[in-house]
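Here's the structure, in structure tokens; my notes come after.
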Amino acid sequence: MFDEHGAGAGEGRSLAPSVELCYKIGMMASNVAGDSKHTARAASRVGDHESGTRPSVERKSPPTERVVQVLNLLAETPRERLTLTQIAANLDLAMPTCLGILTALTDAEFVTRDGAKSYGLGPALQRLGSAFESGLANLDLVRPAIIELHDRLGISCVLSATHEGQIVILDRLGAAMAGDRRDLIGARLPLAPPLGLVNTAWGPDAVVDAWLGRQPLIPLATGDETARAIIEDGRRRGYIIECLPSSMASTVVLATVLTSGMPQRVIDELCRNLPPSDWSEYLLTTPGDSAATVPVAHISAPIFDQHGAQQYTLTLVPERTDATLAHCEEWAAALLHATRQATIALGGR
């Protein structure tokens, strides 16, 4: 469920090969005969070093910029293919330079070339678009809402997502658990009961069914109906409260064991000795008195993407034994405001 470098730790890495490729393409383009103005600019940089003056802090790469210009031009006319001559003329590029860029982009499938020797966007760009929509490439869009929430409440915030059958801790502000100084960014937990309830609760019923159908990490003391009741209550409220564990039968305890860094054989043995989970840490019935004590551990709410799918789960980590229902409702309202802002940032509503 759970700073700022987390996205990179998850899917952000999946974009790294493309970034590196663009850099390599740019370097290739720079070696092709091109505009003399770029050569002059490079020479001026050499002159700066030789004269002892400090070089400009601007770190732009003209060859890479030309690659971006080509892709942007093709993106402006996605239903129309352009010839080498048209592209070079539109961007004021030398023909050899333009051909070198297009050849490299075609080899990488960012661009396609047909029999008429015209060019259009290629399938590799669709993969990048899918990676962006998968959520692990657009954390910068939701991070401002998380920062605002943390600054407002002074409570730790953790951002998580599901990916390939796992819960991935993407981002956090403050400690993921009280007294825990581990970074945990990039940590992965199995998406199987009893872990993952808040990560699947606002998804389609088929997603919930699939999650409940997975082999539990520890025995479950009750049937699926308890988990489904918690999920329905969470959908109605918009958030789910998880209380501090009163026994070892807790998802908090289980998650702590799984991310402990201990040898796997030790983790397996500890899990075998944990009591069955009965979902009792989730607050299903709220007290009638707003002054009643609620020993809250976590409050979680979903962030939706432009298609209405649960993209992320944002979790507040108060871990307060002295919290009241009024505190929880105040924190939940702030959390819902943050998740709404993040959802809007992703194009949802």
Side-chain angles (χ1 to χ4, degrees), residues 1-2 145-146 148-160 167 169 172-182 184 189 193-202 218 220-223 225-259 274-303 313-340:
M1 296 182 302
F2 319 139
I146 302 173
E148 181 184 352
L149 178 65
H150 180 262
D151 290 347
R152 176 180 174 182
L153 299 180
I155 296 174
S156 296
C157 303
V158 176
L159 188 73
S160 63
I167 304 164
I169 302 175
R172 68 166 176 80
L173 290 175
M177 287 176 275
D180 192 342
R181 297 190 177 185
R182 293 174 298 161
L184 293 181
L189 296 163
L195 298 184
L197 185 146
V198 298
N199 298 94
T200 56
W202 290 275
I218 58 176
L220 302 178
T222 62
E225 63 277 1
T226 304
R228 293 184 189 277
I230 295 167
I231 288 171
E232 286 305 315
D233 184 67
R235 289 173 174 177
R236 179 176 59 83
R237 296 176 188 275
Y239 59 90
I240 292 174
I241 295 177
E242 187 176 355
C243 294
L244 289 166
S246 56
S247 69
M248 294 294 288
S250 162
T251 57
V252 174
V253 174
L254 178 59
T256 302
V257 170
L258 292 175
T259 58
L274 288 176
S277 172
D278 60 3
W279 310 102
S280 61
E281 65 267 32
Y282 292 98
L283 189 65
L284 188 54
T285 304
T286 56
D289 183 0
S290 62
T293 301
V294 178
V296 59
H298 305 148
I299 308 175
S300 300
I303 296 172
T313 303
L314 182 56
T315 300
L316 279 175
V317 190
E319 297 202 329
R320 290 268 300 271
T321 58
D322 61 342
T324 64
L325 178 60
H327 286 136
C328 292
E329 290 176 341
E330 176 188 350
W331 296 332
L335 173 64
L336 290 177
H337 175 75
T339 55
R340 278 194 295 270

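One is the number of the first residue; the rest follow in order along the sequence. Owing to the predicted nature of the structure, the values given are computational and were not obtained by experimental measurement.
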So [Y] and [X], do their side chains get closer than 4.5 Å, heavy atoms only?
X      : Y      : answer
Cys243 : Val294 : yes
Thr313 : Ile167 : no
Leu325 : Asp289 : no

Could you measure the distance from the [atom1] atom of [X] to the [atom2] atom of [Y]? Nearest 0.5 Å is fine.
X      : Y      : atom1 : atom2 : answer
Arg320 : Thr293 : CZ    : OG1   : 10.5 Å
His327 : Ile299 : NE2   : CD1   : 11.0 Å
Thr286 : Glu329 : OG1   : CD    : 7.0 Å
Cys328 : Leu283 : SG    : CG    : 7.5 Å
Leu149 : Leu336 : CG    : CG    : 10.0 Å
Leu284 : Glu232 : CG    : CD    : 11.0 Å

Arg340: salt bridge (Lys or Arg N to Asp or Glu O under 4.0 Å) partners, not counting sequence neighbours: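 Arg340 satisfies salt bridge (Lys or Arg N to Asp or Glu O under 4.0 Å) with no residue once adjacent residues are dropped.
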
Worksheet item: By salt bridge (Lys or Arg N to Asp or Glu O under 4.0 Å), which residues pair with Glu148, not counting sequence neighbours?
Response: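 Residues passing salt bridge (Lys or Arg N to Asp or Glu O under 4.0 Å) with Glu148: none at all.
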
*asked:* By the definition side-chain contact (heavy atoms from CB on, under 4.5 Å), identify the one residue from Ile241, Leu316, Leu335, Thr315 that meets it with Ser300.
replied: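 Only one of Ile241, Leu316, Leu335, Thr315 forms a side-chain contact (heavy atoms from CB on, under 4.5 Å) with Ser300, namely Thr315.
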
Using every non-hydrogen atom in the two residues, find where [X] and [Y] come nearest and quote the distance to one decimal.
X      : Y      : result
Ile218 : Pro275 : CD1-O, 3.7 Å
Ser160 : Asn199 : OG-ND2, 2.9 Å
His298 : Val317 : CD2-CG1, 3.7 Å
Gly234 : Ile240 : CA-CG1, 3.6 Å
Gly238 : Pro302 : O-CD, 3.6 Å
Leu314 : Cys157 : CD1-CB, 4.3 Å

I'd like to know if the side chain of Arg237 and the backbone of Tyr239 have a donor-acceptor N/O pair within less than 3.5 Å.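 It does not hold such a pair.
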
Has the side chain of Arg235 got a donor or acceptor atom that lies under 3.5 Å from a matching backbone atom of Ala201?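 Side chain of Arg235 to backbone of Ala201, a donor-acceptor pair under 3.5 Å: yes, one is there.
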
Passes side chain to side chain donor-acceptor pair (under 3.5 Å), Thr226 versus Asp278? Steps please.
CA-CA 8 Å; Thr226 304; Asp278 60 3; over 6 Å; no

On the 0 to 90° scale, with breaks at 30° and 60°, tag the Tyr282-Trp279 ring pair as parallel, tilted or perpendicular.
->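 Aromatic pair Tyr282/Trp279 classed tilted.
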
Below 4.0 angstrom, N of the basic side chain to O of the carboxylate: do Glu225 and Arg228 qualify?
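A salt bridge is absent here (no side-chain N lies under 4.0 Å from a carboxylate O).
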
- Item | side chain to side chain contact (heavy atoms under 4.5 Å, CB included) against Ala333, all qualifying residues, sequence neighbours excluded |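 Applying side chain to side chain contact (heavy atoms under 4.5 Å, CB included) to Ala333 gives none.
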
